[in-house]
Amino acid sequence: MANSAHQTSPSPQLILAVNGGSSSIKFAVFDAAIELRRTLSGGIDRIGLSGGTLKIKDAATNQSEQAPLATSGHAEAVERLVEWLAPRTDLSALAAIGHRIVHGGPTLLQPCWIDDGVLTELRRLAPFDPEHLPGELDLIEGFRRATPHARQAACFDTSFHRNLPDVARTLAIPRQYAAQGVRRYGFHGLSYSYLVEELSRLNPAAAAGRVVLAHLGNGASMAAVASGKCIDTTMAFTPTAGLVMSTRSGDFDPGLVRYFIEEKGMSALEFHELVNRRSGLLGVSETSSDMRDLLARWADDSRAAEAVALFCYQAKKTIGAYAAALGGLDAIVFSGGIGENAHEVRAMICDGLEYLQVVVDASRNAAGESLISTAASRTRVFVIRTDEERVIATTLRDLLAAGVADA
């Protein structure tokens, strides 16, 4: 008679990966009983706003569901999400919930289980990232109430950049502020971790060399990576710094702070709103923060064309700067919603980089292939679809396997 162990599937060990934004949640459920297998994924958008929706996709059947969902905030969004998940998966088998936390500050450098001490530190760090941390804290508290049996862990975007060289992390302001944690941190770290791993699988030689990673989406940044280690990145103390983004200004003259406050009568909060929600592609185009909209009308709308050109120009400049920092360039990786889908943007960024031996194949680029450079291009150019939720799930699987106790 066959051993019953060979006849019975192992009990599921479910991991929920949560990627919270300022007004949205992306999530994915993984079964980690044998190997990490995605079972459900989806998201809630427009949290706290009108017209919100909840979407869920079953990975096994490829079937999707969508429904209107009005929520007052992140805490209510958690309640509605758990209600939707309950009949679709076995929440009693939910072993852990992992959260993408944008900012870990100077003390939270590695993924960790969330206990009262970690929560206290995250609350203390809220002024470091007022755009994201309050909502992320609401998600943690919401899941504590809705799924009290499941451990929760924090996975920090800043972890990938934790070993930045001093010359890259230091801001040229009085040292006393650096001692208080004011320095370059860098973000999009979960995405960058995935891209490094995936590039190692696709092309180990390129991954071992000098690489510029470009996460281009609503938030956009780049990282200079040597042998898999980050040596510089565009975002700084906050995610507002660096490249032009959908609604964020990126880098600009800090002297404008005084000008806007004294001459235009702005408060600190109004200035924060200006550079985070009214600038970038939206501010320059005066019509949309969405690159798809701008590309659709750039032939007839000079403001849309200028916004796209500025976005690409700043990205191209950064690649040149990072090639200098790296001492050369072996690969460029495009990712994020714009980097993965806008072939026009990739072409404009790479146009003129021939001095770095970057030559893009137009047909491969238009088709969105994983390798879009020509055979003659010494610097290889890749397009890789990022997967932050898988990074979160992998991290939690490793934490569970290590048997780290919840404090």
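Residue numbers count from 1 along this sequence.
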Does F252 have more than 12 heavy atoms from other residues, nucleotides or ligands lying within 6.0 Å of its CZ? yes
Side-chain touch L91/T89, heavy atoms, less than 4.5 angstrom
yes
Next item on the list: Decide yes or no on salt bridge (charged side-chain N to carboxylate O under 4.0 Å, His left out) for E65 and R88, but give the supporting numbers first.
Entry: CA-CA 11 Å; E65 300 177 62; R88 293 164 177 82; 2.8 Å; yes
CD1 of I392 to NZ of K26, rounded to nearest 0.5 Å, is 9.0 Å
Distance col, row C155:SG vs I101:CD1, nearest 0.5 angstrom, shows 8.5 Å
Are side-chain heavy atoms of T234 and Y322 found at a separation under 4.5 Å? yes
Notebook entry, point to check: Is E197 atom CD crowded by more than 12 heavy atoms from other residues, nucleotides or ligands, each under 6.0 Å away?
Noted result: no
Between T287 and R297, is the side chain to side chain donor-acceptor pair (under 3.5 Å) condition met? List the steps. CA-CA 10 Å; T287 54; R297 64 171 69 106; 3.2 Å; yes
For L281 and S289, the nearest pair of non-hydrogen atoms, with its separation, is CD1-O, 3.7 Å
Worksheet item: Charged N to carboxylate O below 4.0 Å: is that the case for D116 and R144?
Response: yes
Checklist entry - So, T39 and D31: side-chain donor and acceptor under 3.5 Å apart, yes or no? => result no
Is the shortest heavy-atom distance from the side chain of P106 to the side chain of L125 under 4.5 Å?
yes
Nearest heavy-atom contact between F156 and C112 is CE1-SG, 4.0 Å
Do any N or O atoms from the side chain of R184 and from the backbone of T233 form a donor-acceptor pair under 3.5 angstrom?
yes
**Request:** Please confirm whether the backbone N or O of E198 pairs with a side-chain atom of R201, one donor and one acceptor, at under 3.5 Å?
**Result:** no
Between T158 and Y185, the two heavy atoms sitting closest are CG2-CB, 3.8 Å
Between G328 and R210 the two heavy atoms that sit nearest each other are CA-NH1, 3.4 Å
- If you measure from the Lys or Arg side-chain nitrogens to the Asp or Glu carboxylate oxygens, is any gap between E76 and R80 under 4.0 Å? yes
Nearest heavy-atom contact between M245 and N218 is CB-O, 3.4 Å
Heavy-atom side-chain proximity of R346 to I372 below 4.5 angstrom
yes
Next on the checklist: As a quick check of understanding, evaluate side chain to side chain donor-acceptor pair (under 3.5 Å) for D290 and S288, giving each step before the final call.
Outcome noted: CA-CA 5 Å; D290 193 313; S288 178; 5.6 Å; no
*Distance-only donor-acceptor check, side chains K229 and N163, under 3.5 Å*: no
message = Keeping E340 on the side-chain end and T386 on the backbone end, is there a donor-acceptor pair under 3.5 Å?
response = yes
| Are side-chain heavy atoms of V118 and E121 found at a separation under 4.5 Å? | no
Practice item. Using only heavy-atom distances, determine whether the side chains of H215 and S335 contain a donor-acceptor pair under 3.5 Å. Key: no
- Message: Looking at S373 and V381, would you say the former's side chain and the latter's main chain have a donor-acceptor pair under 3.5 Å?
- Response: yes
- Message: Show, in sequence, the C-alpha distance, side-chain angles and deciding distance for V225 and F160, and conclude whether the side chain to side chain contact (heavy atoms under 4.5 Å, CB included) test is met.
- Response: CA-CA 10 Å; V225 175; F160 182 80; 4.1 Å; yes
When you measure from the side chain of H99 to the backbone of A17, do you find a donor-acceptor pair of N or O atoms at a distance under 3.5 Å? no
Any carboxylate oxygen within less than 4.0 angstrom of a Lys/Arg side-chain nitrogen, looking at R38 and D387?
yes
Heavy-atom closest pair (I44 atom, A77 atom, distance to 0.1 Å) is CD1-O, 3.7 Å
| message | Main chain of Q63, side chain of D58: is a donor-acceptor contact present, judged purely on distance under 3.5 Å? | response | no
So CG of L216 and CE of M291: to nearest 0.5 Å the spacing works out to 8.5 Å
- Measure from the side-chain N and O atoms of S377 to the backbone N and O of R380, and report whether any donor-acceptor pair falls under 3.5 Å. no
* Asked: Is there side-chain contact between T379 and D330, with at least one heavy-atom pair below 4.5 Å?
  -> no
key: N-O pairing of E131 and R277 below 4.0 Å   = yes
In this structure, CZ of R390 is separated from OG of S193 (nearest 0.5 Å) by 14.5 Å
One should read off an interatomic distance between W84 CH2 and L54 CG, to the nearest 0.5 angstrom, of 5.5 Å
request  = For the pair E354 and R378, evaluate salt bridge (charged side-chain N to carboxylate O under 4.0 Å, His left out) and give the outcome as yes or no after the intermediate values.
outcome  = CA-CA 10 Å; E354 290 82 7; R378 197 198 68 78; over 6 Å; no
Inset, instruction - Begin from the C-alpha positions of S24 and D45 and carry the test side chain to side chain donor-acceptor pair (under 3.5 Å) through to its verdict. - result: CA-CA 4 Å; S24 66; D45 64 4; over 6 Å; no
The reported gap from NZ in K264 to CZ in F271 (rounded to nearest 0.5 angstrom) is 13.5 Å
Do the side chains of R303 and E306 get close enough for a salt bridge, i.e. N-O under 4.0 angstrom? no
Check the angle between the aromatic planes of F128 and H103 and answer parallel, tilted or perpendicular using the 30° and 60° thresholds.
-> perpendicular
* **Side-chain heavy atoms of M348 within contact of D351, under 4.5 Å** => no
S279 and S249: side-chain donor and acceptor closer than 3.5 Å?
-> no
Practice task
Mark yes or no for whether Q180, through its side chain, and Y177, through its backbone, hold a donor-acceptor pair below 3.5 Å.
Solution key: no
Check your understanding: Tell me, do D115 and L119 make a side-chain contact under 4.5 Å, heavy atoms counted?
Key -> no
query = Would you call E136 and R100 a salt bridge, using N to O less than 4.0 angstrom?
reply = no
Please check this pair: side chain of D138 against backbone of A75, looking for a donor-acceptor N/O pair closer than 3.5 Å.
no
Between E389 and the options T394, N19, I15, the side-chain contact (heavy atoms from CB on, under 4.5 Å) test singles out N19
Is it the case that the side chain of Y192 and the backbone of M222 share a donor-acceptor pair, with hydrogens and angles ignored and the cut-off at 3.5 Å?
yes
**Message:** Does atom NZ (K57) have a neighbourhood of more than 12 heavy atoms from anything else shown, all under 6.0 Å?
**Reply:** no
